[in-house]
Trainee: 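Supplied in structure tokens, the structure appears directly below.
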Amino acid sequence: MQNFSNDLWQKTSFSTCSYIKSLRYYRASIARRAIQSWANVLELPFAEKIFLDDSSPDFNAMKVLQSSNEINHFDSVRYNSRSHPPHTNFGTVISLNLCKSDYIFHLDDDIQIVGSHQDCLNILEHGLTILHEDKNIMGINLMHIDMSAGGKWGPGKDYFGSDVFSHPTQYFGNSACLIRKELLEVISLEQIFNWGKKQPAGWEELVSNTDKTSSFLVAKVGTPFIVDNDTWLFKSTSRVSTWESYKYFLLKKLGLSTEASKLYKKIKEREYNSQL
């Protein structure tokens, strides 16, 4: 591969979006903790850095960003006033569409960064170089995959150009990802709005069905981008009550891990049954 060019940074946008229903919910703490870990990435020379509050009541996502002390790293902090059903597709794809660059680095608001500045620089430059040199690759999942959370994002067939990435088994994940902006043309924002509540799948599944997985990559080694297992339960669209959220947060803070685990299992079983 050729040496990395600084011109590629100027062709790359950073985007994130957040929805915080209540500052009292445990998820607000998850998002704040994650955003506070982003300094090593936000200091990189992106062409633009965009934060979208996806219609949070009382601008709660903006308040979390403000309290994280990372707000000054963003060139644009926006609020989405376009109403939509409670589905994460909308905020994610709206934030991606705000970007003007050829390439987009996107982080969900619950992704934590555990590596050094150099770790982040290395994997992002490696991914951007692949996008620059291999026009067949449309998106790269940079998140460290915990296979206990499910194997759909897991690594499959090796990618010939890298020992860091492989093609995914079913679809690429966009929680921490690099994409070509043209990927937004595959399933447009307007198409998602037209589907409304009847969306057939998540955006990352829709753009990378099983016939197209060769166009995507996923990290097959550890990366700086991780997610707390709590986030699989305390999602922005979850049905966890304020009291349950507060109780779980309190149990964790007090170090009562057994009691917290019992509550987690109870909520997770209810969430699972509600989807059947």
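Both backbone and side-chain heavy atoms feed into the values below; hydrogens, waters and symmetry mates do not. Because the structure is predicted, anything quoted here is derived from the model rather than measured.
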Trainee: If we ignore hydrogens and angles and just use 3.5 Å, is the side chain of D53 paired with the main-chain N or O of A61 as donor and acceptor?
Mentor: yes
Trainee: Within a strict 4.5 Å, meaning less than it, do heavy atoms of the N60 and K21 side chains meet?
Mentor: no
Trainee: Are the side chains of H106 and I179 in contact, using a 4.5 Å heavy-atom criterion?
Mentor: no
Trainee: Kindly work out whether a path of hydrophobic side-chain contacts (I/L/V/M/F/W/Y, heavy atoms less than 4.5 Å apart) joins L183 to I137.
Mentor: no
Trainee: Of D102, I140, T12, which meets side-chain contact (heavy atoms from CB on, under 4.5 Å) against L131?
Mentor: I140
Trainee: Identify the two heavy atoms, one from E182 and one from M138, that lie closest to each other, and give their separation to 0.1 Å.
Mentor: CG-CE, 3.5 Å
Trainee: Before giving the answer on side chain to side chain contact (heavy atoms under 4.5 Å, CB included), spell out for F46 and H73 the whole-Å C-alpha distance, their side-chain angles and the decisive distance to 0.1 Å.
Mentor: CA-CA 11 Å; F46 295 102; H73 281 102; over 6 Å; no
Trainee: Can you check whether T169's main-chain N or O pairs, donor with acceptor, with T213's side chain at less than 3.5 Å?
Mentor: no
Trainee: For the CG atom of N194 and the OG atom of S188, what is their distance to the nearest 0.5 Å?
Mentor: 7.5 Å
Trainee: Counting only N and O atoms by type, is there a donor-acceptor contact under 3.5 Å from the side chain of S56 to the main-chain atoms of I20?
Mentor: yes
Trainee: How far apart are the closest heavy atoms of I111 and S175, and which atoms are they?
Mentor: CG1-O, 3.5 Å
Trainee: Honestly curious: do F51 and I71 fall in one hydrophobic cluster under the side-chain, below-4.5 Å linking rule?
Mentor: yes
Trainee: Kindly compute the distance separating CD1 (I35) from CG (D110), expressed to the nearest 0.5 Å.
Mentor: 9.5 Å
Trainee: Would you compute the distance between atom CG of L206 and atom CG of N89 and round it to the nearest 0.5 angstrom?
Mentor: 6.5 Å
Trainee: Look at the side-chain heavy atoms of Ile, Leu, Val, Met, Phe, Trp and Tyr, link any pair under 4.5 Å apart, and say whether V186 and L98 land in one connected group.
Mentor: yes
Trainee: For residues N6 and Q10, is any side-chain donor paired with an opposing acceptor at under 3.5 Å?
Mentor: no
Trainee: Parallel, tilted or perpendicular: which fits the ring planes of F193 and H84, with parallel below 30° and perpendicular above 60°?
Mentor: perpendicular
Trainee: Do W195 and I187 come within less than 4.5 Å of each other through their side chains, counting heavy atoms only?
Mentor: yes
Trainee: Quick one: does any side-chain atom of T16 pair with a main-chain N or O of L107 as donor and acceptor, under 3.5 Å?
Mentor: yes
Trainee: Take L8 and E125, measure what side chain to side chain contact (heavy atoms under 4.5 Å, CB included) needs, and give me the verdict at the end.
Mentor: CA-CA 9 Å; L8 287 183; E125 289 193 347; over 6 Å; no
Trainee: Could you walk me through whether V64 and S18 pass the side chain to side chain contact (heavy atoms under 4.5 Å, CB included) test, one step at a time?
Mentor: CA-CA 9 Å; V64 167; S18 181; 5.9 Å; no
Trainee: Decide if atom NZ of K135 counts as having more than 12 heavy atoms of other residues, nucleotides or ligands within a radius under 6.0 Å.
Mentor: yes
Trainee: Can you confirm whether V207 sits close enough to F172 that some side-chain heavy atom of one is under 4.5 Å from a side-chain heavy atom of the other?
Mentor: yes
Trainee: Let me check something: do L96 and V77 share a hydrophobic cluster, defined by ILVMFWY side-chain heavy atoms less than 4.5 Å apart, either directly or through other members?
Mentor: no
Trainee: Does T223 use its side chain to pair, donor to acceptor, with the backbone of L142 at less than 3.5 Å?
Mentor: yes
Trainee: If you look at every heavy atom in S101 and A47, which pair is closest and at what distance?
Mentor: OG-CB, 3.7 Å
Trainee: Is it true that atom CZ of R78 has more than 12 heavy atoms of other residues, nucleotides or ligands lying nearer than 6.0 Å?
Mentor: no
Trainee: side-chain contact (heavy atoms from CB on, under 4.5 Å) with K49: which of F105, W38, F74?
Mentor: F74
Trainee: Looking at T92, is its backbone amide N or carbonyl O close enough to the side chain of S95 to form a donor-acceptor pair, meaning the two atoms are under 3.5 Å apart?
Mentor: yes
Trainee: Between the main-chain N or O of G115 and the side-chain N or O of N40, is there a donor-acceptor pair closer than 3.5 Å?
Mentor: yes
Trainee: Do P57 and Y19 come within less than 4.5 Å of each other through their side chains, counting heavy atoms only?
Mentor: yes
Trainee: Could you tell me the separation between the CD atom of Q191 and the CD atom of Q199, rounded to the nearest 0.5 Å?
Mentor: 10.0 Å
Trainee: With a 4.5 Å limit on heavy-atom distance, are the side chains of I50 and C99 in contact?
Mentor: yes
Trainee: Look at atom NZ of K181 and say whether more than 12 heavy atoms of other residues, nucleotides or ligands are closer to it than 6.0 Å.
Mentor: yes
Trainee: At their closest point, which heavy atom of S55 faces which heavy atom of N80, and how far apart are they?
Mentor: OG-O, 2.5 Å
Trainee: Measure the CG-NZ distance between L128 and K11 for me, rounded to the nearest 0.5 Å.
Mentor: 11.0 Å
Trainee: Under 4.5 Å between side-chain heavy atoms, hopping through other hydrophobics if needed: is there a path connecting I104 to L44?
Mentor: no
Trainee: Do the non-hydrogen side-chain atoms of V218 and Y159 ever get within less than 4.5 Å of each other?
Mentor: no
Trainee: Between H126 and F165, what is the ring plane arrangement, given parallel below 30°, perpendicular above 60°, and tilted in between?
Mentor: parallel
Trainee: Please report the closest heavy-atom contact between F216 and H167, naming both atoms and the distance.
Mentor: O-ND1, 3.0 Å
Trainee: With rounding to the nearest 0.5 Å, note down the distance linking CG in D119 to NE2 in H117.
Mentor: 10.0 Å
Trainee: If you compare all heavy atoms of S67 against all heavy atoms of Q36, which two are closest, and at what distance to 0.1 Å?
Mentor: O-NE2, 4.1 Å
Trainee: Does a side-chain heavy-atom distance below 4.5 Å link L124 with F14?
Mentor: no
